[in-house]
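Have a look at the structure below before the remarks.
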Number of protein chains: 2
Amino acid sequence: MLKKERQAHILHQLNIHNRVSSSWLSESMQVSEDTIRRDLQELAESGKVIKVHGGALSLSFSEFNINNNPVYGKDEKQRIARKAISLIKNNMVVLTSGGTTIIELAKSLPRELKATFISGSIPAILEYCNHPNIDVIVIGDKISKNSKITIGADAIAKIKSLRVDICFLGINAIDVQHGVSDDDWDVAQLKKVMIESAQKVAALAISEKIDTFQPISICPLQNLDYLITELDPDDERLEPYKKNSITLI
Amino acid sequence: MLKKERQAHILHQLNIHNRVSSSWLSESMQVSEDTIRRDLQELAESGKVIKVHGGALSLSFSEFNINNNPVYGKDEKQRIARKAISLIKNNMVVLTSGGTTIIELAKSLPRELKATFISGSIPAILEYCNHPNIDVIVIGDKISKNSKITIGADAIAKIKSLRVDICFLGINAIDVQHGVSDDDWDVAQLKKVMIESAQKVAALAISEKIDTFQPISICPLQNLDYLITELDPDDERLEPYKKNSITLI
DNA sequence: AATAAAACTGCATAAAACAGCATAAAAACT
DNA sequence: AGTTTTTATGCTGTTTTATGCAGTTTTATT
């Protein structure tokens with residue numbers, strides 16, 4: 001087998017699998033690992049593959065493309081935020097959960113928007129505070145360290161006493177069978193009452209969370225009014241969610 | 001599975017769930033926990049994740065800590081903070097007001113201190129959150145934009161229901177005749193009830209605020225147990241405050 | 001304060017990378 | 001054709017890297 005052939009074969013395999021291991025290549029083409037190593041070295045030097053210990057990765061390998069922006073998945077979250085904002089009208093009272101998507105929403109709020117935001121998420125509150133025209137109401141209680149959100153009976157009681165126009169939930173998992181679910185019991189309780197206290201409920205999720213589930217159930221799909229992802233509302237991945245009278249945005 | 005693959009997988013999981021546990025990763029990728037630990041270590045060193053005991057957190061979960069605008073009189077406030085901390089013992093319940101001096105206090109808390117902190121000041125809460133051994137309780141209510149602190153009937157009622165070991169007040173004005181005073185009516189109300197709810201009250205003030213007064217009175221000197229400034233307790237400027245059974249620190 | 005889980009340390013090992021050499025085939029040149 | 005040069009490949013021994021394991025220390029939780 002000629003050198004060029006071999007290298008072409010390697011590139012081909014990389015296109016298919018996004019990864020190859022030296023040992024496997026050596027085996028499948030019946031050449032020594034040294035030869036493979038030298039092939040990979042050349043391909044890497046001419047920038048066609050990414051060489052790593054034990055093999056090579058395709059250029060399209062996520063880390064090197066996506067990871068140029070420091071916050072993973074930030075663009076997606078900003079798209080979601082923009083869509084979510086279209087639901088907020090002046091003088092509305094808005095309840096928000098925690099999570100990075102919600103923080104992105106908080107950061108993206110247009111300056112001229114005038115509304116009341118209620119939340120127990122410290123980072124979100126901080127963002128709301130920096131906004132010129134937004135009234136901020138804090139849900140008090142004990143803070144859960146890892147999610148930086150207030151949780152507990154007081155928080156739940158306070159949320160129950162509310163009746164807000166719309167509630168934005170940053171969700172961790174959603175699928176047709178289980179509905180919205182989470183892996184933190186306290187946070188799940190909080191989200192449950194948030195849903196009850198809101199006229200409209202919007203779930204915010206990057207598409208990677210679609211069709212996943214976690215141990216603690218929050219609500220069935222029927223309770224949601226909007227599902228907002230970074231995808232086009234007509235994307236086929238969202239098809240199963242259409243029949244549940246959820247508005248896809 | 002190649003190392004980079006694994007690390008990319010970890011980042012991907014983090015993107016979805018915001019946090020991952022080492023044990024789960026180790027299980028799901030069939031490698032030892034040591035390997036995972038080393039992966040997380042590398043990712044943390046290159047600043048792609050935040051390593052915590054038992055796993056790792058997504059970066060986007062701490063990026064709101066970039067709040068380092070210069071503080072007026074920072075050195076003095078740090079000195080005050082150090083003195084104030086000497087009053088806090090393990091397992092105490094501490095109530096704090098807002099203000100930059102209090103935030104300096106929050107930042108200076110020693111890692112090994114184990115206590116419960118209660119506050120309605122968002123910046124202070126954020127600092128408490130980043131401390132490993134401190135339980136944080138948030139006083140909820142409407143936020144006063146300029147002081148980033150919760151104010152209102154709910155906050156006052158909640159504080160009244162407390163009985164804390166010690167209360168730290170960042171104060172705006174103090175003099176012998178009027179006692180502690182302030183220029184914000186809401187904040188003053190809040191501080192009044194804080195004082196009532198605490199066994200001991202410590203007032204924190206840089207020396208510039210000594211012997212000044214403002215329109216709204218909070219309490220007479222008699223209600224204070226400690227007065228903490230950046231000055232030496234024997235400084236002559238503090239002489240008038242000694243006879244009021246206040247401990248100068 | 002006691003306990004269990006996780007992190008670290010140092011070591012062992014296997015796999016992979018590397019450097020240098022040998023060789024054989026291919027290419028280039030006389 | 002014969003010689004030299006270049007290129008490609010494999011081999012040997014050494015170095016580096018990746019990973020797991022055992023024992024200890026640290027951290028979190030109750």
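To find a chain, count down the sequence lines: A is the first, B the second, and so on, and within it residues start at 1. A quick note: this is a predicted structure, and the numbers were derived from the prediction, not measured.
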#### Entry: Atom of Leu105(B), atom of Ala84(B) and distance for their closest heavy-atom approach
CD1-CB, 3.9 Å

### Message
Consider side-chain contact (heavy atoms from CB on, under 4.5 Å). Of Leu169(B), Asp165(B), Ile118(B), which one does Leu95(B) pass it with?
### Response
Ile118(B)

### Task
Rounded to the nearest angstrom, tell me the gap between atom CG in Leu2(B) and atom C1' in dA18(D).
11 Å

Can you give me every donor-acceptor pair (side chain of residues 1-8 of chain A, partner residue at least two apart or in another chain, under 3.5 Å) with its distance?
{"residue": "Lys3(A)", "atom": "NZ", "partner": "Glu42(A)", "partner atom": "OE1", "Å": "3.4"}
{"residue": "Lys3(A)", "atom": "NZ", "partner": "Glu42(A)", "partner atom": "OE2", "Å": "2.8"}
{"residue": "Glu5(A)", "atom": "OE1", "partner": "Leu2(A)", "partner atom": "N", "Å": "3.2"}
{"residue": "Arg6(A)", "atom": "NE", "partner": "Asp39(A)", "partner atom": "OD2", "Å": "2.6"}
{"residue": "Arg6(A)", "atom": "NH2", "partner": "Asp39(A)", "partner atom": "OD1", "Å": "3.1"}
{"residue": "Arg6(A)", "atom": "NH2", "partner": "Asp39(A)", "partner atom": "OD2", "Å": "3.0"}
{"residue": "Gln7(A)", "atom": "NE2", "partner": "Asp39(A)", "partner atom": "OD1", "Å": "3.0"}
{"residue": "Gln7(A)", "atom": "NE2", "partner": "Glu42(A)", "partner atom": "OE1", "Å": "3.3"}

### Query
Side chains of Ser23(B) and Glu33(B): is there a donor and an acceptor less than 3.5 Å apart?
no

### Task
For atom CD of Glu27(A), decide whether the heavy atoms of other residues, nucleotides or ligands shown that lie under 6.0 angstrom number more than 12.
no

### Query
Is there a residue in residues 4-15 of chain A whose heavy atoms reach under 4.0 Å of DNA chain D, and which residues are they?
Arg6(A)

### Query
CG of Leu25(B) versus P of dG20(D): gap in Å, rounded?
13 Å

### Query
Should the pair His178(A) and Phe213(A) be assigned to parallel (<30°), tilted (30 to 60°) or perpendicular (>60°) ring geometry?
parallel

### Atom pair CG/CD1 of Leu190(A) and Ile218(A) - distance to nearest 0.5 Å
9.5 Å

### Task
Name all pairs fulfilling the salt bridge (Lys or Arg N to Asp or Glu O under 4.0 Å) condition that reach into residues 46-60 of chain A, sequence neighbours left out, sorted by first residue then second.
none

### Task
Return the set of residues passing salt bridge (charged side-chain N to carboxylate O under 4.0 Å, His left out) with Arg237(A) (not counting sequence neighbours), or none when no residue passes.
Asp235(A)

### Query
To 10°, what angle do the rotation axes through the five end pairs on each side of the helix from dA1(C)-dT30(D) to dT30(C)-dA1(D) form?
40°

### Query
Given atom CZ of Arg19(B) and atom P of dA6(C), what is their separation to the nearest angstrom?
13 Å

### Where protein sits on nucleotides 9-23 of chain C, one letter per nucleotide: B base, S sugar-phosphate only, - none, heavy atoms under 4.0 Å
B------SSBB----

### Query
Rounded to whole angstroms, how far apart are NZ on Lys3(A) and P on dG10(D)?
12 Å

### Message
I need the CD-P distance between Glu27(B) and dG20(D), as an integer number of Å.
### Response
14 Å

### Message
Can you tell me if Thr35(B) touches the phosphate of dT19(D), counting only side-chain N or O atoms and a distance under 4.0 Å to OP1 or OP2?
### Response
no

### Message
Using a 6.0 Å cut-off, check whether atom NZ of Lys158(A) has over 12 heavy atoms from anything other than its own residue.
### Response
no

